[in-house]
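We use all heavy atoms of the structure for the numbers below, so side chains are in, but hydrogens, waters and symmetry mates are not.
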Amino acid sequence: MSYSKILVPVAPGHGDEAGQAMEVAKSLRSPDGAITVVTVLEELPRYLGADVFALEPAIEESQQTAVQAIVDEFGGTDVEVVTLNGHPARSIVELARTEGFDCIVIPSAQPGWEHFLLGSTASGVVRHARCSVHVVRTPEVAGD
């Protein structure tokens with residue numbers, strides 16, 4: 001099976017799992033298909049108050065650096081890179097729906113107890129996406 005519009009969410013500060021997801025996306029892409037890499041930058045809660053205001057320039061600079069690293073690594077003639085602000089899972093699902101993506105290829109770590117309580121971006125995308133979702137599991141690292 002192949003897909004014509006594939007969305008690959010990549011977290012800022014990602015590891016090898018993003019590259020693995022990109023390889024899977026390329027293998028699933030139809031010959032005339034397109035891949036879009038998306039990174040979602042979460043906004044800090046305003047209840048943090050003045051601390052957020054004081055840190056805002058440093059946070060913005062850090063986010064711009066992370067986005068540029070993603071563009072440098074994944075951007076190119078055959079891959080578009082998009083940046084969004086908001087809640088990661090909701091933003092990814094909404095982008096997939098509004099832009100007509102037919103597959104999301106998302107990396108995910110091995111689930112642990114914290115995912116049962118807090119959830120994860122990948123599980124939120126799997127639950128709510130209207131298109132196919134391919135979850136790329138990263139191998140466990142010794143000591144995890």
Side-chain angles (χ1 to χ4, degrees), residues 1-46 48 51-53 55-144:
M1 173 169 265
S2 62
Y3 298 94
S4 61
K5 281 186 82 173
I6 300 174
L7 184 62
V8 181
V10 173
H14 63 279
D16 293 340
E17 68 277 357
Q20 293 168 355
M22 188 58 116
E23 290 304 313
V24 169
K26 288 178 180 178
S27 72
L28 294 173
R29 176 179 54 183
S30 64
D32 59 341
I35 296 175
T36 299
V37 171
V38 62
T39 189
V40 181
L41 305 173
E42 290 188 81
E43 296 176 2
L44 292 176
R46 292 294 168 195
L48 295 175
D51 295 339
V52 172
F53 250 13
L55 294 174
E56 202 159 321
I59 292 168
E60 285 181 21
E61 183 178 335
S62 175
Q63 288 177 338
Q64 289 173 354
T65 301
V67 168
Q68 188 59 50
I70 290 169
V71 169
D72 292 346
E73 185 172 352
F74 298 109
T77 56
D78 63 338
V79 177
E80 178 184 10
V81 177
V82 174
T83 304
L84 302 174
N85 289 312
H87 181 274
R90 285 192 297 261
S91 298
I92 292 163
V93 169
E94 181 65 14
L95 178 64
R97 185 186 64 76
T98 59
E99 297 297 320
F101 285 91
D102 54 356
C103 184
I104 300 170
V105 177
I106 188 166
S108 179
Q110 295 294 328
W113 284 106
E114 67 277 5
H115 292 116
F116 290 108
L117 299 174
L118 301 174
S120 71
T121 300
S123 64
V125 169
V126 168
R127 277 194 306 273
H128 300 289
R130 295 181 182 174
C131 63
S132 296
V133 179
H134 186 102
V135 178
V136 177
R137 290 278 187 211
T138 56
E140 290 187 52
V141 178
D144 280 355

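- The heavy-atom pair separating N85 from V40 by the smallest distance is C-CG1, 4.4 Å.
- Of all heavy-atom pairs between P9 and I92, the closest is CB-CD1, 3.5 Å.
- Closest non-hydrogen pair, P88 versus T121, comes out as CB-OG1, 3.7 Å.
- Residues satisfying the side chain to side chain contact (heavy atoms under 4.5 Å, CB included) criterion with H87, sequence neighbours excluded, are A89, R90.
- Scanning both residues, I35 and M22, for their nearest heavy atoms gives CG2-SD, 3.9 Å.
- Of the inter-residue distances, the one linking M1 atom CE with S132 atom OG reads 6.5 Å to the nearest 0.5 angstrom.
- The two residues S2 and R29 have their closest heavy-atom pair at CB-C, 4.1 Å.
- For the side chain to side chain contact (heavy atoms under 4.5 Å, CB included) test, residues two or more places apart in sequence or in another chain that qualify with A122 are I106, S108, S120.
- Formation of a donor-acceptor pair under 3.5 Å by the S30 side chain with backbone atoms of Y3 is found in this model.
- With respect to H134, the side-chain contact (heavy atoms from CB on, under 4.5 Å) criterion is satisfied by exactly one of V126, I104, V24, I6: V24.
- Although no hydrogens or angles enter the test, the distance criterion places a donor-acceptor pair under 3.5 Å between the side chain of T39 and the main chain of V10.
- Every residue meeting the side chain to side chain contact (heavy atoms under 4.5 Å, CB included) condition with R97, not counting sequence neighbours, appears here in chain and number order: E94, R130.
- When all heavy atoms of V8 and A25 are compared, the pair lying nearest together is CG2-CB, 3.6 Å.
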